[in-house]
Amino acid sequence: MTKNYYEILGVEQSATQEEIKRAFRKKARELHPDVNKAPDAEERFKELGKAYETLMDEQKRSLYDRYGEDGLKNAGYDSTGPFDYGFGNLNDIFETFFSGFSGYSSRTSDPNAPRRGDDLRLDIELDFEEAVFGVEKEIKIDHLEKCPECSGTGAQPGTQPVTCPTCNGQGRVSRVTQTVLGSFTQVTPCPKCNGTGKVISSPCKKCKGAGQIEAEKTIKVKIPAGIDNHAKIRIASEGDAGVNGGPNGDLFVVVFVKPHKLFRRDGFNIYTEQYITVPQAVLGDTIPIETVHGEKELVIPSGIEYGKILTIKGAGVPFLGNKDKKGDHLVMIKIKTPKPAGDEEKRLYARLYELTTNKKAGEKLIDRLKNAMHS
């Protein structure tokens, strides 16, 4: 069972972002797999990163406080993959604070080792209804693909890169400088191979030795019903191509929802305002209300007050992953001040005024005093 994120970090629910940062620094040093050799250290370290990333994002923290982990999943924040954090991965979180503490780094010292491709981000805009009911979008992205001519080697077909003779394939060279304080060793990228550890004598003509080419790709993205503003959709392996046989990065599609002229959304509920007349407020009525699911009937109880909120159950936004469960449509009632159009209406309102105030319409205070003295 997953622990509470606040408990994982050891902070109160009211903790500020600075307090969360300090707590993360302390816990990360304790749980880092290079330091903590306990069998569950790595798993606890991942939980720590997940808790930190969630609570440092105001929108995610708000969702988590209200709905827990299910709320995050329903809002489109996928937490199943290893690169679902606001950073590229957990190593990046740790490096941000400790700059590679204990030599733990997401970058290997071997320049020829497989390296994962970069993640990409694409922002898309949705209409209000598209976010509510879901939609399939066709998008175009520019990304790096493995060169089809050289299969990513960077060398002309029929040839292969060779080990750099300057750095012996290490990708870096050392230079010792003698000073009055002693000798200092400076390590820099190899100037011969630019840190790759390999030299290509016959570069591929298509990619010019890079091993990758920039290409445009069209993909279809399924936007789930109920997705909210700023939600991220992770599309695995649609980022830049990896290097030296490494896996592709991922594509993160960030959703921005256009405001609606009538509806306002809060979580899975939708709000609207509805003006009614004074007689409707006094006597009650049944009126049609426009919702995202079409026209619904709303019962106005007699004697309703200005600002009262009435609920139409199940007429809100579908829950992500569960279309059968929906939020509500909430209607704020406002009462329209009438302007009598004719003499008959004025007489009726004058009579109503007399009944509710025990005085005649238009009667001044001095007139009431005179009448009282003569009665």
Side-chain angles (χ1 to χ4, degrees), residues 1-111 113-121 172 184-189 195 230-232 234 236 239 246-247 249-250 252 254:
M1 181 177 178
T2 304
K3 292 182 181 178
N4 181 286
Y5 286 174
Y6 294 98
E7 292 178 0
I8 291 173
L9 284 160
V11 297
E12 298 294 330
Q13 190 165 351
S14 60
T16 64
Q17 289 194 337
E18 189 58 39
E19 289 171 335
I20 291 172
K21 283 182 182 179
R22 287 200 299 268
F24 174 78
R25 283 176 183 269
K26 181 180 178 181
K27 291 277 187 179
R29 288 186 184 277
E30 296 174 2
L31 296 176
H32 194 282
D34 278 2
V35 178
N36 192 323
K37 300 303 179 184
D40 63 343
E42 184 174 355
E43 186 60 35
R44 291 173 65 194
F45 183 64
K46 289 179 180 179
E47 279 189 343
L48 181 70
K50 185 177 177 182
Y52 170 77
E53 189 272 340
T54 299
L55 300 185
M56 287 297 290
D57 184 301
E58 290 185 7
Q59 184 179 12
K60 291 181 185 178
R61 184 175 181 178
S62 177
L63 279 170
Y64 177 76
D65 287 347
R66 285 186 288 174
Y67 306 111
E69 281 193 324
D70 288 341
L72 293 171
K73 292 176 183 177
N74 288 338
Y77 296 111
D78 181 14
S79 61
T80 58
F83 298 99
D84 298 327
Y85 305 99
F87 297 83
N89 54 40
L90 283 176
N91 300 348
D92 290 344
I93 298 178
F94 201 77
E95 286 181 355
T96 297
F97 283 102
F98 307 114
S99 301
F101 169 75
S102 277
Y104 187 74
S105 172
S106 60
R107 296 170 179 81
T108 174
S109 60
D110 182 1
R115 297 199 304 276
R116 183 178 181 275
D118 289 336
D119 292 336
L120 299 178
R121 166 177 169 154
R172 57 189 183 275
F184 291 88
T185 302
Q186 183 181 16
V187 180
T188 59
H230 299 115
K232 289 189 296 186
R234 173 176 171 262
D250 298 330
F252 288 88
V254 183

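In this text the structure is predicted, and so the values were computed from the model without any measurement.
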Once rounded to the nearest 0.5 Å, what's the spacing between atom [atom1] of [X] and atom [atom2] of [Y]?
X      : Y      : atom1 : atom2 : value
Asp57  : Gln17  : CG    : CD    : 8.5 Å
Glu69  : Asn4   : CD    : CG    : 9.5 Å
Lys27  : Arg44  : NZ    : CZ    : 7.0 Å
Phe252 : Asp119 : CZ    : CG    : 5.0 Å

Go through the structure and list residues passing side-chain hydrogen bond (donor to acceptor under 3.5 Å, both in side chains) with Glu7, not counting sequence neighbours. none
Distance-minimising heavy-atom pair for [X] and [Y]:
X      : Y      : value
Lys50  : Tyr5   : CE-OH, 3.0 Å
Arg116 : Asp250 : NH2-OD2, 3.1 Å
Val254 : Lys232 : CG2-CG, 3.9 Å

Mark yes or no for whether Glu43, through its side chain, and Asp40, through its backbone, hold a donor-acceptor pair below 3.5 Å. no
With a 3.5 Å distance limit and no angle check, can you tell me whether Tyr52 reaches the backbone of Ala28 through a side-chain donor-acceptor pair? no
Residues which pass salt bridge (Lys or Arg N to Asp or Glu O under 4.0 Å) with Arg22, listed by chain and number, not counting sequence neighbours: none
For Asp65, what residues pass the side-chain contact (heavy atoms from CB on, under 4.5 Å) criterion, not counting sequence neighbours? Tyr6, Gln13, Arg61
Gln186: side-chain contact (heavy atoms from CB on, under 4.5 Å) partners, not counting sequence neighbours: Arg175, Thr188
Do the non-hydrogen side-chain atoms of Ser62 and Glu58 ever get within less than 4.5 Å of each other? no
Do Val11 and Phe24 come within less than 4.5 Å of each other through their side chains, counting heavy atoms only? no
So Lys60 and Glu53, side chain to side chain contact (heavy atoms under 4.5 Å, CB included) or not? Walk me through it. CA-CA 9 Å; Lys60 291 181 185 178; Glu53 189 272 340; 2.4 Å; yes
